[in-house]
Amino acid sequence: MPDTDTRPEGTETTGDDTPKMFHYVRKDSIAESAVMGSHVVALCGEVFPVTKSPKPNSPVCPECKRIYEGMPRGGDDGSDG
């Protein structure tokens, strides 16, 4: 899998336009979605346009969180040198 860095993004807004839950998506697709209005695909498979950024203690999709925590950490290309 290429770049696995992710960041939570929200879906399913409440009455005050606050997302009910945030999902993990690839970082490189966030800016494009925010500017162009294209959709991103969360780790759990949810598809949506980026409209909000998470705040500390925001609720996170349990399936995205489970997948994210099982992924290898980025930045290590496996080389020794």
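If you're wondering where the values come from, they're calculated on a predicted model, not measured in any experiment. Throughout, residue positions are numbered sequentially from 1 according to the sequence presented.
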### Task
Using side-chain contact (heavy atoms from CB on, under 4.5 Å) as the criterion, list what pairs up with S33, not counting sequence neighbours.
S38, V40, P49, V50
## Note on the structure
Heavy atoms of C64 and Y24 approach each other most closely as SG-N, 3.5 Å
### Task
Going by the side-chain contact (heavy atoms from CB on, under 4.5 Å) test, name the single residue among K65, M71, H23 that passes it with L43.
M71
### Message
Which residues pass the side-chain hydrogen bond (donor to acceptor under 3.5 Å, both in side chains) test with E63, not counting sequence neighbours?
### Response
R66
### Task
Looking only at non-hydrogen atoms, find the nearest pair between V25 and V41 and report the distance.
CG1-O, 3.9 Å
